[in-house]
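Since the structure comes first, as structure tokens, the remarks are kept for the end.
In what follows, chains are A, B, ... by sequence order, proteins preceding strands, each numbered from 1.
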Protein chains: 2
Amino acid sequence: MRAIADVARLAGVAKATASRALSGRGYVSEETRQKVVDAARSIGYVASPNAASLVTGRTKSVGVIIPFINRWFFAEVLEGMEVALLEQGYDMTLYNLPAASPERDRIFEYFLARKRFDAVISVGVALSETEVDQLHRLGRPLVGIGGPIRGVHTIAIDDVEAARLATEHLLSLGHTDIVHVGGVLVDEMDFAVHSNRLRGFTSAMMSAGLATDGCFYASEFTLPGGHAVGMEVLGDPRRRPTGIFAACDEIAVGIIVAARELGISVPADLSVIGIDGHPYAEMFRLTTLEQHPREQGRLAVVSLLAELDNPTEHRADGELTELPPRLVMRASTSGPRPKA
Amino acid sequence: MRAIADVARLAGVAKATASRALSGRGYVSEETRQKVVDAARSIGYVASPNAASLVTGRTKSVGVIIPFINRWFFAEVLEGMEVALLEQGYDMTLYNLPAASPERDRIFEYFLARKRFDAVISVGVALSETEVDQLHRLGRPLVGIGGPIRGVHTIAIDDVEAARLATEHLLSLGHTDIVHVGGVLVDEMDFAVHSNRLRGFTSAMMSAGLATDGCFYASEFTLPGGHAVGMEVLGDPRRRPTGIFAACDEIAVGIIVAARELGISVPADLSVIGIDGHPYAEMFRLTTLEQHPREQGRLAVVSLLAELDNPTEHRADGELTELPPRLVMRASTSGPRPKA
DNA sequence: TTGACATGTGGAACCGGTTCCTGAAACCCG
DNA sequence: CGGGTTTCAGGAACCGGTTCCACATGTCAA
């Protein structure tokens, strides 16, 4: 009742002509095109994307696999991708990938295999070898965000560098007693992010001639996580560091809250630096390295669509686009209190 | 190369039989079914959802329109819907609806109109009359979360009741000087939520014989928003309330942080209660009314799929399923300090 | 024995577009 | 003016499934 055949009949042309007129492909006289467009509008014709996909093989939609939605970084990335995709007329189909589980397998074997989308973006997922293979077998363009995936063009900040900069910031202020609170090294998002940040920290400490034994604490990337670790690290006054480099702003803020509860003054008694550029950072006057996940999402989409439009020109497999983190100094860091 | 015709040929049966064997509809002998399944597996056959949708009219995917991704309530709802949808073999296509704008119109006119999904869930969106009409015209099942939409079955907590309970909790502790920090009354998510919570507050205050002039402050539903309002409300010691009912936990926590910065003791000098059951609530020992958005998402999906499976049995248009909020008492509320 | 009914299978139409191929008309150039 | 190239339009095949219908068999009750 609203098929292209009806439009064609109403406009007095053949289906083929109507299709060309509406899609803009092939030769159609201006006069005919106008007739078809008018006819389409008059019956409220909307093309069926299914029918079109069936023959063209293009669905105008991309699949996104992501381990969390309710985490600042991931939600920001999603919002960034959404805008960019919509702008180009693409739908976004979301798969909130759980940790290893039958449901996770099902996503790979059933949902992704159906090839409902033209391309896939993988955000911050640690993929098993099998899973990477499964993605490659789809034969669709693939882009990653947040950590290198074998054979996939990935967008991320330079985590090692960011961690090094953060640590060096504390070092340059004169701190020598520094602790790094970072991500658990074996969890869903451990694909370099956590270990890279730890690496940057260690390398900066080494360069400054400082040992790092016992200087690492693991935390969830959440405010309560940072708070709990903060209580633990700051609880014992005898072995309290003067500077803390948190792997993300939420951890950093959690630590600041813990410090306040313990009556420790920031930055007088304790300097804290994070990574992210979270909205909370400003409220807590947190010094941080900004990473703009929204922009990362946008870039991923741009790269993906470029490859879709021009498959030959696709990024070298495994290429890594590293964004420079930017240091934003606020009031959570200063030189350590001179020893009594 | 991987079409059902290939499977049929390999199994030595007709396309029709292969289709029946794989889909489980119609009569197929066990022996034949096994042959077809084996053939399918042997060539790694995956059915094309496009082709199937074309004829069945079902896409096995639902569209979700949502104003924010990066907000606790919304992200939780999304995660809840995701799990429930995946379980039933449905894809989730996400539309992050901006405030009134050409992009927003485009979502309604272009994306939603294409009918790529079997049903639509609208989460916390204030829809214009036109938009509601557009949704209804899709002729697809429709469910809302978070506030009534004309003619649409909606799932939400009873906001008036939740606000009343929160306020009564403060009243019952002996507070008489109470302020409500709620949502801005004209913004993207104002479709009853904000005004209902204000209404519940006012009604409880009235019942207690208390006036509410000047007792309402507006804030964004974020921690920095609550913090800013907290500084304002608590800044002047002469007219400081003893109890604050925040419309959400993030605001409440922001207020607690502000109080701490101002040296105001919670709950000794100030009681704070929120709504949500946010993970931060526990960390800040915040008394709150829990609303479990994840469960709301799940319920929306259940209701939607029930209607899809059995179109006749669909919920009365405009029916409202109201979930009871549950009071969780922690250490942010107590009786007011006796007047000197 | 006959007829009603359940079971099993194949052929062909169909969903709603796109595209290939063919042919006519218009245009261009030498 | 003839032949080659564009421009324009229609017919038909096709994408990859599902489903309707027809037909063959087998079963069971009357």
- Message: I'd like to know if the side chain of B:D118 reaches the main chain of B:L308, judged simply by a donor and an acceptor atom lying under 3.5 Å from each other, with no hydrogens or angles considered.
- Response: no
- Examine C:dG17: is either OP1 or OP2 under 4.0 Å from a nitrogen or oxygen in the side chain of A:Y45? Give yes or no. yes
- Which class fits the ring pair B:F117 and B:Y95: parallel under 30°, tilted 30 to 60°, perpendicular over 60°? perpendicular
- Return the value, rounded to whole Å, for the distance between atom CD1 of A:I4 and atom P of C:dC14. 19 Å
- Task: Round to the nearest Å and state the distance from A:R9 atom CZ to D:dG10 atom P.
- Result: 14 Å
- Task: Please collect all salt bridge (charged side-chain N to carboxylate O under 4.0 Å, His left out) contacts where either partner lies in residues 31-40 of chain A, sequence neighbours excluded, each pair once.
- Result: A:E30-A:R33
- Note on the structure: A:L54 CG to D:dC14 C1', in whole Å, measures 9 Å
- Note on the structure: Residues passing the side-chain contact (heavy atoms from CB on, under 4.5 Å) test with B:A156, sequence neighbours excluded, are none
- Message: In this structure, is the centre-to-centre distance between the rings of A:F221 and A:H194 below 6.0 Å?
- Response: yes
- Item | Partner residues of B:T56 under the side-chain contact (heavy atoms from CB on, under 4.5 Å) criterion, sequence neighbours left out | B:R58
- Rounded to whole angstrom units, what separation is found between the CG atom of B:N50 and the P atom of D:dT18? 12 Å
- Does any residue of residues 11-22 of chain A have a heavy atom under 4.0 Å from DNA chain C, and if so, which ones, in number order? A:K15, A:A16, A:S19, A:R20
- Computed from five pairs at either end and rounded to 10 degrees, the angle between the axes of the helix from C:dT1-D:dA30 to C:dG30-D:dC1 is 30°
- Item | With B:S29 via side-chain hydrogen bond (donor to acceptor under 3.5 Å, both in side chains) - residues at least two apart | B:T32
- Task: Check salt bridge (charged side-chain N to carboxylate O under 4.0 Å, His left out) between B:R298 and all other residues, then give those that pass, not counting sequence neighbours.
- Result: B:E295
- Test B:D105 against B:Y110 for side chain to side chain donor-acceptor pair (under 3.5 Å), laying out the working first. CA-CA 8 Å; B:D105 296 343; B:Y110 173 62; over 6 Å; no
- Query: B:E87: what forms a side-chain contact (heavy atoms from CB on, under 4.5 Å) with it, not counting sequence neighbours?
  - Reply: none
- Short side-chain to backbone donor-acceptor contact, A:E307 and A:P141, under 3.5 Å: no
- Message: Please enumerate all residues that pass side-chain hydrogen bond (donor to acceptor under 3.5 Å, both in side chains) together with B:R294, with sequence neighbours excluded.
- Response: B:E76, B:E79
- Nearest-angstrom distance from the residue atom CG of B:D6 to P of D:dC15: 11 Å
Can you give me the N/O atom pairs linking the protein to nucleotides 23-29 of chain C at distances under 3.5 Å, or say none if there are none?
none

- Item | Rounded distance in Å - NZ (B:K115) to P (C:dG16) | 11 Å
- Relative to B:F68, does B:R71 satisfy both conditions: NZ or CZ under 6.0 angstrom from the six-membered ring centre, and within 45 degrees of the ring's axis? yes
- Note on the structure: Contacts of B:R150 meeting salt bridge (charged side-chain N to carboxylate O under 4.0 Å, His left out) (sequence neighbours excluded), chain-then-number -> B:E129, B:D133
- Task: Look at all strands and tell whether A:V7 reaches a base, only sugar-phosphate, or nothing, counting heavy atoms closer than 4.0 Å.
- Result: nothing
- Using atom NZ of B:K60 as one end and atom P of D:dG17 as the other, report the distance to the nearest whole Å. 17 Å
- Item | Nearest-angstrom distance from the residue atom CZ of B:R114 to P of C:dG17 | 13 Å
- Enumerate the residues from residues 23-35 of chain B whose closest heavy atom to DNA chain D is under 4.0 Å, giving them by residue number; use none for an empty result. B:R25
